[in-house]
Peer 1: 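Just passing along the structure, written as structure tokens.
Numbering starts at 1 and runs along the sequence shown.
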Amino acid sequence: SDRMRSSGESKQWYQRRVRAECNNMLYPKEDKQNKKLMYQCQNCEHVETAFNNCIYVNKITHEIDELQTIVGDVITDPTLPRTQDHPCPRCSQCLAVFFQAQSSV
């Protein structure tokens with residue numbers, strides 16, 4: 001029987017399949033005649049039908065605390081563009097400065 005190892009993501013999204021008999025990873029393969037997704041061992045030629053059509057998930061998350069990345073002195077920079085059209089939801093002050101924060105990604 002085959003066993004499954006989680007790839008670190010939620011089990012509902014993607015699971016790396018491993019064949020218990022030979023302990024090798026099963027790779028996705030298309031059955032073009034029947035239009036089905038299959039998994040195949042590249043060593044022993046075992047083939048099985050996929051129970052889920054998802055073979056890869058690229059989940060990107062960015063968790064940046066924007067308030068910590070903003071330098072307080074940016075409001076005093078005379079070279080930056082300003083607006084008074086958008087009031088602050090916290091203090092209702094209308095003066096805002098436009099700038100682009102540095103990104104490490």
Side-chain angles (χ1 to χ4, degrees):
S1 97
D2 293 335
R3 61 187 165 148
M4 290 177 259
R5 292 184 187 161
S6 176
S7 66
E9 289 295 319
S10 172
K11 288 186 178 188
Q12 65 192 7
W13 283 105
Y14 169 76
Q15 295 199 344
R16 186 173 54 188
R17 309 236 351 136
V18 177
R19 181 159 163 76
E21 284 80 5
C22 61
N23 202 29
N24 288 306
M25 192 166 122
L26 297 175
Y27 292 90
K29 178 184 178 182
E30 179 186 8
D31 179 357
K32 292 183 182 185
Q33 271 189 324
N34 298 317
K35 295 185 178 181
K36 288 188 176 183
L37 178 63
M38 309 296 285
Y39 281 101
Q40 178 179 9
C41 176
Q42 293 184 342
N43 293 326
C44 71
E45 301 301 319
H46 168 79
V47 178
E48 66 183 54
T49 304
F51 64 92
N52 186 346
N53 289 333
C54 181
I55 59 170
Y56 181 77
V57 174
N58 185 13
K59 189 172 183 180
I60 300 172
T61 58
H62 295 284
E63 294 181 19
I64 300 172
D65 186 1
E66 294 179 12
L67 296 177
Q68 288 184 352
T69 61
I70 297 173
V71 179
D73 294 336
V74 77
I75 193 82
T76 61
D77 187 345
T79 64
L80 294 175
R82 301 173 186 288
T83 184
Q84 293 186 352
D85 296 338
H86 304 284
C88 174
R90 278 195 185 160
C91 68
S92 299
Q93 185 176 1
C94 290
L95 181 60
V97 176
F98 293 102
F99 71 97
Q100 183 173 352
Q102 293 286 334
S103 176
S104 61
V105 178

Peer 1: Quick one: closest heavy-atom pair of S92 and P87, and the distance?
Peer 2: O-CB, 4.1 Å

Peer 1: Taking side-chain hydrogen bond (donor to acceptor under 3.5 Å, both in side chains) as the test, write out the residues that go with T79, two or more places apart.
Peer 2: D77

Peer 1: CD/Q84 to CG/L95 distance, rounded to the nearest 0.5 angstrom?
Peer 2: 5.5 Å

Peer 1: Any idea which heavy atoms bring A50 and Y39 closest together, and the distance?
Peer 2: CB-CE1, 3.4 Å

Peer 1: Holding to side-chain hydrogen bond (donor to acceptor under 3.5 Å, both in side chains), I want the full list of residues that pass it with K29, two or more places apart in sequence or in another chain.
Peer 2: Q40

Peer 1: Looking at NZ of K36 and CD of E30, how far apart are the two atoms once the value is rounded to the nearest 0.5 Å?
Peer 2: 13.0 Å

Peer 1: For R82 and T76, work out which heavy atoms get closest and say how close.
Peer 2: NH2-C, 4.0 Å

Peer 1: Of all heavy-atom pairs between T83 and D85, which one has the smallest distance, and what is that distance?
Peer 2: OG1-N, 3.1 Å

Peer 1: Rounded to the nearest 0.5 Å, what separation is found between the CG atom of N43 and the CE atom of M25?
Peer 2: 11.5 Å

Peer 1: Taking side-chain hydrogen bond (donor to acceptor under 3.5 Å, both in side chains) as the definition, give me every residue that meets it alongside N58, ordered by chain and number, with sequence neighbours left out.
Peer 2: none

Peer 1: Just verifying a value: how many Å separate L37 CG and C54 SG, rounded to the nearest 0.5 Å?
Peer 2: 10.0 Å

Peer 1: Are N24 and R19 side-chain neighbours, meaning at least one heavy-atom pair lies under 4.5 Å?
Peer 2: no

